[in-house]
Amino acid sequence: MNLQTIPRASQRRSLSLMVKSRVRSRVVFVDLVDISEGGCKIRGKAGFAQLGDRVTMKVAGVNAPLGTIAWIEGPMAGVAFEGMMHPAMLDHLCEQTGASRAEPRQHRSI
């Protein structure tokens, strides 16, 4: 599975936020690129994670649902949350981080 074969289940909201995470029980700092109810895209240093790794993140003081690395392409990785993040929480995160309330992106299989 890679970025081009994973269908999007929910709207992505763009962010640019440094996030403290844990991958394989070690702390890593990643850039949160976008987020949705079911997951997010992060950018880290090469080798920061492997497919299937479990990820915990705290985003703007809010614990995101536990996630799993679903795909990796270079420094970018997709995290699939094991639970869903409530849409109101996404609105709150976007407001707190200065990101505009997301306009719906075209749903595409990427």
Item to check | Where Asp34 and Ser14 come nearest, the two heavy atoms and their spacing | outcome: CB-CA, 4.0 Å

Checklist outcome for this item: For Asp31, the side chain to side chain contact (heavy atoms under 4.5 Å, CB included) test, sequence neighbours excluded, returns Ser16, Val33, Arg43

Checklist entry - Can you pull the side chain to side chain donor-acceptor pair (under 3.5 Å) pairs that have at least one residue in residues 54-63, sequence neighbours excluded? => result Arg54-Glu82

Checklist entry - Could you state the interatomic distance from CG (Asp53) to OG (Ser25), rounded to the nearest 0.5 Å? => result 10.0 Å

Checklist entry - Once you round to the nearest 0.5 Å, how far does CD of Gln50 lie from CD1 of Ile72? => result 7.0 Å

Next on the checklist: Nearest 0.5 Å, please: how far is NZ in Lys41 from CG in Leu32?
Outcome noted: 10.5 Å

Checklist entry - Any side-chain heavy atom of Val55 sitting closer than 4.5 Å to one from Ile69? => result yes

Checklist outcome for this item: To the nearest 0.5 Å, atom CE of Met84 lies from atom OG of Ser36 at 7.0 Å

Next on the checklist: Nearest 0.5 angstrom please: Leu51 CG to Thr68 OG1, how far?
Outcome noted: 10.5 Å

Item to check | Exercise: identify the closest heavy-atom pair between Phe81 and Pro65 | outcome: CD2-O, 3.5 Å

Checklist outcome for this item: In Leu17, Val79, Leu90, the residue satisfying side chain to side chain contact (heavy atoms under 4.5 Å, CB included) with Ile35 is Leu90

Next on the checklist: On a heavy-atom basis, which atom in Ala49 and which in Val23 lie closest, and how many Å separate them?
Outcome noted: CB-CG1, 4.0 Å

Item to check | Remaining members of the apolar cluster that contains Met18, side-chain heavy atoms under 4.5 Å | outcome: Val27, Phe29

Checklist entry - Any side-chain heavy atom of Pro75 sitting closer than 4.5 Å to one from Phe48? => result no

Next on the checklist: Applying side-chain hydrogen bond (donor to acceptor under 3.5 Å, both in side chains), can you list everything that pairs with Arg22, at least two apart in sequence or on another chain?
Outcome noted: none

Checklist entry - How far apart are the closest heavy atoms of Met57 and Cys40, and which atoms are they? => result CE-SG, 3.2 Å

Checklist entry - Can you tell me how far the CE atom of Met85 sits from the CZ atom of Arg13, to the nearest 0.5 Å? => result 11.0 Å

Item to check | Pairs touching residues 61-71 that satisfy salt bridge (Lys or Arg N to Asp or Glu O under 4.0 Å), sequence neighbours left out | outcome: none

